[in-house]
Amino acid sequence: MPPILPVPIEFRLPDGWLPAAAPEGDDATDVAFAAVHQHPEAGFTANITVDGAFLADTVTLAELADESVERLRTVAESVAVAHRREVGSADAPALTQRLAFSTATDGSHRDLVQSQVYLSMSDVDDPRKRAAIRLALTASAAQHDEVLGDFQDFVRTVRPVSATPGTGA
């Protein structure tokens with residue numbers, strides 16, 4: 001059973017993406033939702049994953065992003081932060097980062113790119129609860145730019161909702 005997100009959210013998958021079982025692996029243990037692209041590239045299927053955690057007041061999105069890089073380094077080769085930027089507003093901070101890395105799967109070497117978006121959200125039902133939601137697109141280096149627009153469309157649809165039926169957005 002996939003983990004439950006700390007803040008209930010809703011979103012819409014772009015055309016060409018299908019819900020999937022959460023991926024397996026050391027960096028995927030907390031994945032609450034996963035989707036796969038309908039057209040694999042050179043044996044690798046691009047995927048979108050969603051996970052999250054409650055945030056202590058002292059933890060920043062940059063610190064969470066740093067932790068993500070370190071976790072990926074335990075399972076991948078040559079992890080590099082290609083881009084990182086804080087975005088959003090004081091009320092709705094966010095951070096984006098793009099990681100380039102290599103991995104060996106099924107005996108073959110793959111160059112992959114992962115775009116991550118960290119969203120800071122308050123619980124609709126209890127605004128004192130603050131959480132970070134991580135949205136990640138992982139694709140082959142060759143396919144990443146082709147599916148990045150889909151991922152950006154997906155990110156624009158993510159919003160917190162009430163866990164109480166009949167209330168909230």
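Because the structure is a prediction, the values reported are computed rather than measured. Atoms considered below: every heavy atom in the structure, side chains included; atoms not considered: hydrogens, waters and symmetry mates.
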**Complete:** Heavy atoms of V7 and I133 approach each other most closely as O-CD1, 4.3 Å
**Message:** Taking salt bridge (charged side-chain N to carboxylate O under 4.0 Å, His left out) as the definition, give me every residue that meets it alongside D126, ordered by chain and number, with sequence neighbours left out.
**Reply:** R128
**Request:** Scan for salt bridge (charged side-chain N to carboxylate O under 4.0 Å, His left out) pairs involving residues 73-84, sequence neighbours excluded, and state none if there are none.
**Result:** D66-R84, E70-R73
**Heavy-atom side-chain proximity of Q97 to Q114 below 4.5 angstrom** = no
**Asked** Quick one: are F11 and V155 in side-chain contact, heavy atoms under 4.5 Å?
**Response** no
**Message:** To the closest 0.5 Å, what do you measure between CG (L119) and CG (L95)?
**Reply:** 10.0 Å
**Message:** Would you compute the distance between atom OG of S140 and atom CG of L112 and round it to the nearest 0.5 angstrom?
**Reply:** 7.0 Å
**Item:** Test item: side-chain donor near acceptor, H144 and S115, under 3.5 Å
**Value:** yes
Anything under 3.5 Å between a donor and an acceptor, one on a side chain of residues 85-94, the other on a protein residue two or more places apart or in another chain? List them.
{"residue": "S89", "atom": "OG", "partner": "D91", "partner atom": "N", "Å": "3.4"}
{"residue": "S89", "atom": "OG", "partner": "A92", "partner atom": "N", "Å": "3.1"}

**Item:** R156: salt bridge (charged side-chain N to carboxylate O under 4.0 Å, His left out) partners, not counting sequence neighbours
**Value:** D153
**Message:** Hydrophobic clustering (ILVMFWY, side-chain heavy atoms < 4.5 Å, transitive) - are L64 and V50 grouped together?
**Reply:** no
**Between CZ on residue R110 and OG on residue S102, distance to nearest 0.5 Å** = 11.5 Å
**4.5 Å side-chain heavy-atom contact, V158 and M121** = yes
**Prompt:** Between I9 and F33, is any pair of side-chain heavy atoms under 4.5 Å apart?
**Reply:** no
**Heavy-atom closest pair, residues A34 and T49** = CB-CG2, 4.2 Å
**Request:** State which residues pass side chain to side chain donor-acceptor pair (under 3.5 Å) with H83; sequence neighbours excluded, sorted by chain then number.
**Result:** none
**Message:** Quick check: closest heavy atoms across R12 and F154, and the distance to 0.1 Å?
**Reply:** O-CD1, 3.5 Å
**Item:** Stepwise side-chain hydrogen bond (donor to acceptor under 3.5 Å, both in side chains) test for S68 and Y118
**Value:** CA-CA 11 Å; S68 182; Y118 291 83; 3.3 Å; yes
**Request:** Tell me, please, which residues at least two apart from F101 pass ring-ring contact (aromatic ring centres under 6.0 Å, His included).
**Result:** none
